[in-house]
Structures are given as structure tokens and as C-alpha cells.
Amino acid sequence: MSRDAILARMRRSLGVHPGDVTRRAEVADRLTRTPRGVVPARGQLAREELVRLFLDKTVAVQASCVRVASPAESKTAVLDYLRGANLPMRIRIGADRRLAALGLEADPLVEDGHGPSAGDDLACLSHAFGGVAESGTLMLHSGPDNPTTLNFLPDHHIVVVDADDIYGDYETLLDLVRETYGIGEMPRTVNFITGPSRSADIEQTLLLGAHGPRSLHVIVVG
Amino acid sequence: MHTTSPRFKTNAHEALDDAKLQRALGNVPKGFIAKRKKVADALPEFEALRDASRDIKSHTLKHLDLYLEAYEKKVIASGGHVHWAESAADARAIILDICRKANARTITKGKSMISEEIGLNDHLAANGIVPVETDLGEYIIQMRGEHPSHIIAPAIHVNKDEVEADFRRVHTHLDPARDLTEPTSLLAEARGELRAKFLAADVGLTGANFLVAETGTSVIVTNEGNGDLTQILPKTHIVLASLEKIVPTLNDLSQLLRVLARSATGQEMSVYTTLSTGPKRSGDPDGPENYHVVLLDNGRSSMLGSEFEEMLRCIRCGACMNHCPVYHAVGGHAYGWVYPGPMGSVLTPSLIGVDKAGHLPNASTFCGRCESVCPVRIPLPKLMRNWREREFERHLTPSVQRRGLSVWATLATRPRLYRLVTRLAARSLALLGRGKGRFRKLPLAGGWTDFRDFPAPEGETFHAAWAKREKAGREKTGRKETGPKGAGA
Ligand code: SF4
């Protein structure tokens, strides 16, 4: 079998024996302890500064953002964005209860779609699992609450994130994934998203709006 | 993939004479060098992160068999399949088989250098399956029937007017009078053309920047979002990755992500970093139903424990070629196989044999810039020298070159001496070359000037000229950057 032949060749090249318990212990230890490496000081801030850094970094990667005080205001923020971008009052949303609570469904002026995107939506709305201040990165994951197609198919992606879910670094957020799903377990897809899609493949000129959303709008709540 | 590495000298000559290519290559330093420096300087921990990244990769390589076993277990536990491929032919056969079982007619593809390495597209096409490249650069070169000339900017050798001509030639169903003068309209056209293909594909194939043993996760890093549409829309997602892409944990991944985008494109993070584990879960409204990982060896397991093991740390950021004066001069295609630039000069002989790629390790000025920017601190010049020595021992070089090389080797391992000697040589050569403006042979550097055909130095070495050019650039733009390591000697 190729598998065994490849593994045997690796061991021969490395001059090691498959039964070597020390090596196995080292590997098992690293996989369970998951030691942290160098974590940049820039994200190690008190909450308020952390949120401010997140907002600055979000703008630096060509996303737009707004901060609102309460979930009730997020609805206005969503509608303001649609109006400001000259979009129809139509938006696709997953099953996230935090988004259902915004009351877009009950609003007669708004047409809302549910479930995954089929590729013809101008605007989709998602709720992020969290944000990373050090680089202005959002983290979302697959599931019925926030289908992954909503992150990639629309022209405009609007993402709500709670200020309390913003952390300084990727490691802290990944710890929370471990806590939520169990050690070594993951949702099918975890997306770290840093700004709207772009390409520099034509003469190294940076252009926004490649295959993913042309615009990313972030609403920070709290 | 077919290789033209054995005719590297001819390739390089042709590249130097190709005016269009030379115009396009002007975008390499323009696009990458200053951006990387700015973002690296803005992170005080950057150098420490490079050390950490090097150590993670070295540790993993020493335990590669065990981390791969742990990774495989996790993939299977999450409902995915792992296939081990010893060779390019094995990998092609495995992928074709998966496609056939999925009754695939078209397969969308995210950017994958391994796919180039195994020559996947031709194989699929020959078997009646249409491969569709979806990264903008890959889409352009697929249309042109070419191969990538850079590992992260595959179409960097193509100018905008050429892209426009290609789009007009291929997208014949669109209005011939449409305006394509702006790059944005080219991008919008590609987006429109590919959207339908994403939605219609039966199988999506991506590469992997990393595989994570802790969770059985594959990771792709992109800016366009094409890799994501490739993997979440079709029923089947195939990940094609080489063995050394593995890292132990998610925390190790975070270390490497911090150096990858910074080194590659000068971003703090690429737009999309996507972690995929198994097929979609029950209750998931989207995502693939089948998840396959094809692990390719193709010579890598034999590099472990050898003097070239360090090359397996490479995370394919492209910084070494972005900073390489030889790459700037001849571009990626001259290297004749999949991997260009300094990393290619070391990796290609390891993978296809020094008999075919023996010229590549000579494509260096030993200026050290590649090593000075490599995020995982691969000693590229040293590894190139190792190949030269091997080549020398194996008597693959013609005897004249062999005599020259032994002197060269002595000098090249002593950079200050080397610079001194070449400076003296350059001064005298300036006299010889005067009137012609070019010289074709440089004593002590036989195999090198054979293809370089460099402008005759006006009394200074490449290093010195470079330093001057950098200084002039700084004064003009008011930049505060210091010259590259080793410059100004
Ligand atoms: S050798 Fe280093 S600099 Fe070159 S592509 Fe690999 S990681 Fe990047």
C-alpha cells in the first residue's frame, strides 16, 4: 500500500523506528497541550481599546464599519447600509436567532430570504462567531445559523459582531472554538475574513471585488 | 509537467530578449518589495514569529510520519477520506477515479501548485473532464495555454493589453464593442464568466496551504474567494496537498498565518483564510457532501534527513522570488518547471533530478536577499551551493565549467572575498566590454554569464550597482529603507 510505503520511507530517511515511544509521546503532548507561540502585543488591550483597534483595522482592509449601542439599532444600521448603497430592500439571512431578533422579517418594507444562497443575492446578512482585533478579521463558521454561501456569493456582505466577542488574537478565538465544539473538533468550515474580496493578478494592480463580495460591511454591537 | 529546465540557459536568453516579458517583469519589485517591508516593520514581533515558524516546521518534519498519522485519523473521524499518492501518476489516477465516481463533467479548481506539479489539467481533459481554473491569474494562463510563472501571482508575466486580447478571443459570446480598457472591467468580466461555472461544477479541487494534525483540517489562504466557491458549491471537495503541508496544531497555524500573508503580499492577513474539516454535517444547509484529501509524496519523503530537508519548511509565500534579481531579470518560465526563483532552484533538482535541473542552482548572484526575507529562514543560498557541489561531484558539468566552479565555490562561500574579487574583475571587464555594452563570459562565473548576458559593468559589481540603484530610488521617493543585506560591499 502506498500509505505504508510512504510512511516507511519517511522513517528510513529520518532514521527512526515506528515503535519509538519518546517521539510518540512528544507528538501526543504537543497535540493535547497545543502550546501558544508568539502572540503580538498589539492585540493585548482592554476591551474598549480592543474594539477600537478592530474598527481601525477593519477600515484599513477596505471594509466599512459602524458601531451601534444595542441589537435594536443593528436593524437600522442594516437598512441604512442598503439605502446608502442604493440596493433594493432585500436581504438573505440564515437561521441565527440573534439576527431573527432584529425584526427584519416583520418589517413590511423588507423582503427577506432564508437558507443558503443560490448565487443571485445582492446582499446577505451574517452573524460572526467573533472578531480578531490584531488584523480586523471576522470569524464565521458553517451551520444553519449562518450558511457559508452567504459569505461568498453576494455582492454585499453585511456582518454583525458583538463587541464582547472581539479578541486580540486568533489563538483566543480558536480556544473558544475548542470550548464550543470539543478539543480536536471543528465545524465543517471556519472562515477568517479580512476585508472584501480582491485580486492583484492583472499587472499587480489591486482591485476590489473578485469572486467574493465586492463590499464587506461590519456592524459592531455594544 | 513537461520540463524545459535542462535548457535553462536558452530560456534565460530568450527571456532577456523578450520585450513584452521585460515590461511585465517590471511589476515584480514594484508590487511586492516595499509592501512586505512596510508590513513587516509594523509588527515588532515579526522576526520572532519567523523564528517560531521555522521551529514549528522543523519540529514537524522531524516527526512527519507521526503527525501525518494523527492527521489522517482525524480526517477519517470527521467523515473524510485520505488517499496517499507516491508519485504524480498515482495522484492523477486517484483524482480521476474520484471524479468518475462523482460522474463529474466539469471540475472547478482553486489555485494549486501541486496540481501543476502532477500535470492534472491535461490528464483530466484527456479523460473527458473539463478543468476550470478559477483564480483570476490561473484563469488567464489557462486561456493562454501557459503555466504559472510565479507561485502566488501566476500571470505576472502577462500585460493588461494581452489579457484584454485573450478575453476578446475567448469570450466570443459577449459584445465585441464592449470597453475593456480598465482592469476593473476585465475583473468584472472574469467574475461574470466564472460565476456560472462555480455553480455548475460537479467537483471542486483546492490545494492546501496547511493541514492541521490536531483537527484533521485543511487550510486555504486566498484573496479572491475563488477557493471558497470552489469548495462549498460542488458535491465533492478534493484537497490536493503535499506531505510537508502539515502543522501540529491550530495555534501553530496561527503563527504561520502571521508570517505568510505579510511575506507574500504585504497584507497582515489575506482576505480569506478557510479551515475545512470533513464533509458538511447533518443540518448544514451548504457545503460538500464528500471530502477527499490526496497526499502527495513525489520525492519528498526522500528529502527528509538529507541536506535538503530544510527546503521542506517552505510555505510557498513567493518572497524569495519577489526579491531575487535573477527572477526579476528572466521571470518564472525560464526555470523550466513548476517552481521558479530561489525556492525552485533548490526544490526542482530534488524533485525531478539534478541531471535535468542542474543549471538552476547556478541561477544565483548569492546576494542573500532570498534568505533574508524567507519567513521560515530556509538557507537558500547554502542549499543552492550544496547542489552545485553535488553537480560538481557527479561530473555533470562540462570540464571547463568544473574548473571554474571549484574556484567559484571557494569564493562563493566567502562573501567578502567574493565581492572583492568580482569587483576587481568587473573593473577590468568594464574595459574589455566597453563599446559592446554587454559581456558574455565572466571568468570565475562561466555557467552563469553563459545565460545572463549581463550589461557590461561600468566599473562596478552587480552588488555595488544594486546598492547605488537602491540609494537613488530612496532619494527619489524619500523612502527610508535600507539596502538589502550585503549591498554596498
Ligand atoms: S523558500 Fe521561503 S521565501 Fe521562498 S517561497 Fe518558500 S517560504 Fe517563501
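Naming convention: chains lettered A, B, ... in sequence-line order (proteins, then strands); numbering from 1 in each chain. Side chains are part of it too, since the values below use all heavy atoms of this structure and drop only hydrogens, waters and symmetry mates.
Of the atoms belonging to A/R12, not a single heavy atom falls under 4.5 Å from chain B. Both the backbone and the side chain of B/L304 come within less than 4.5 Å of a heavy atom in chain A. Interface remark: A/A200 contributes no atoms to any contact with chain B (heavy atom separation under 4.5 Å). Contact of B/K160 with chain A is made through backbone and side chain together, with heavy-atom distances under 4.5 Å. For chain B, the nearby part of A/V16 is the side chain; its heavy atoms alone come within less than 4.5 Å. For chain A, the nearby part of B/H59 is the side chain; its heavy atoms alone come within less than 4.5 Å. For B/L136, the parts lying near chain A are the backbone and the side chain together; criterion is any non-hydrogen pair under 4.5 Å. Contact annotation for A/T137: only side-chain heavy atoms (C-beta onward) come within less than 4.5 Å of a heavy atom of chain B. At a 4.5 Å heavy-atom cutoff, the contact between A/P35 and chain B is made by backbone atoms alone. Proximity to chain A (any heavy atom under 4.5 Å) is restricted, for B/F198, to the side chain, taken from C-beta onward. In this structure, the portion of B/R195 lying under 4.5 Å from any heavy atom of chain A is its side chain and not its backbone. For chain A, the nearby part of B/A85 is the backbone; its heavy atoms alone come within less than 4.5 Å.
Proximity of B/Q267 to A/R198: side-chain heavy atoms (C-beta onward) are separated by under 4.5 Å at one or more points. When side chains are defined from C-beta on, A/E134 does not count as touching B/E268, because their heavy atoms never get closer than 4.5 Å. Within the 4.5 Å cutoff, side-chain heavy atoms of A/P40 are placed close to those of B/L43. Contact annotation: the side chain of A/R3 never approaches that of B/E86 to less than 4.5 Å [non-hydrogen atoms, C-beta and beyond]. Between B/D297 and A/M10 there is no side-chain heavy-atom pair separated by less than 4.5 Å. At least one side-chain heavy atom of A/E185 sits under 4.5 Å from a side-chain heavy atom of B/K74. Looking at heavy atoms from C-beta onward, B/Y272 lies out of side-chain contact with A/T194 at the 4.5 angstrom threshold. Side chains of B/P154 and A/D201 form a contact here, defined as non-hydrogen atoms less than 4.5 Å apart.
Side-chain atoms of A/E203 never come within 3.5 Å of backbone atoms of B/N27 as a donor-acceptor pair (strictly under, hydrogens ignored). Using a distance-only test at 3.5 Å, with no hydrogens or angles considered, a donor-acceptor pair links the side chain of A/R23 to the main chain of B/K62. Within the 3.5 Å criterion, the main-chain N or O of A/R188 finds no donor-acceptor partner in the side chain of B/K280. In this structure, B/E214 contributes its side chain and A/L31 its backbone to no donor-acceptor pair below 3.5 Å.
Interface remark: of the candidates B/I152, B/D284, B/T273, B/L295, B/T273 forms the most heavy-atom pairs closer than 4.5 Å to chain A. Your options are B/G225, B/P285, B/A52, B/G137, and the one with the most heavy-atom pairs under 4.5 Å with chain A is B/P285. Looking only at heavy-atom pairs under 4.5 Å with chain A, the residue among B/G192, B/G278, B/G287 that has the most is B/G278. Between chain A and the residues B/A24, B/A48, B/P279, B/A70, the most heavy-atom pairs under 4.5 angstrom are made by B/P279. The greatest number of non-hydrogen atom pairs below 4.5 Å with chain A, out of B/T184, B/V163, B/N159, B/L199, is found for B/N159. Interface remark: of the candidates B/N223, B/V221, B/D286, B/D286 forms the most heavy-atom pairs closer than 4.5 Å to chain A.
A/I183 CD1: 12 or fewer foreign heavy atoms inside a 6.0 Å radius. Counting non-hydrogen atoms of other residues, nucleotides and ligands closer than 6.0 Å to CZ of A/R98 gives a total above 12.
The nearest pair of heavy atoms linking A/S2 to B/D90 is OG-OD2, 4.3 Å. B/R191 and A/L153 make their closest contact through NH2-O, 4.4 Å (heavy atoms, listed as atom of the first residue, atom of the second, distance).
Residue A/L174 is tested with B/L250, B/T215, B/T249, B/L253 for a side chain to side chain contact (heavy atoms under 4.5 Å, CB included); the sole match is B/L250. Residue A/F152 forms a side chain to side chain contact (heavy atoms under 4.5 Å, CB included) with just one option from B/D228, B/L233, B/N226, and that option is B/D228.
One distance of note links CD of A/Q204 with NE2 of B/H150; it measures 7.5 Å at 0.5 Å rounding. Interatomic distance, CZ of A/R36 versus CD of B/Q255, reported as 10.0 Å (0.5 Å rounding). A distance of 8.5 Å separates CG in A/N191 from CG in B/L275, rounded to the nearest 0.5 Å. Separating the CG atom in A/D169 from the CZ atom in B/R258 is a distance of 6.0 Å, to the nearest 0.5 Å. Between atom OG of residue B/S301 and atom CZ of residue A/R11 there is a gap of 12.0 Å, rounded to the nearest 0.5 Å. For the atom pair A/H211 NE2 and B/T108 OG1, the distance stands at 10.5 Å (nearest 0.5 Å).
Side-chain polar atoms of A/S199 and B/E224 form a donor-acceptor pair below 3.5 angstrom.
By the side-chain hydrogen bond (donor to acceptor under 3.5 Å, both in side chains) test, A/S117 pairs with A/D121, sequence neighbours left out.
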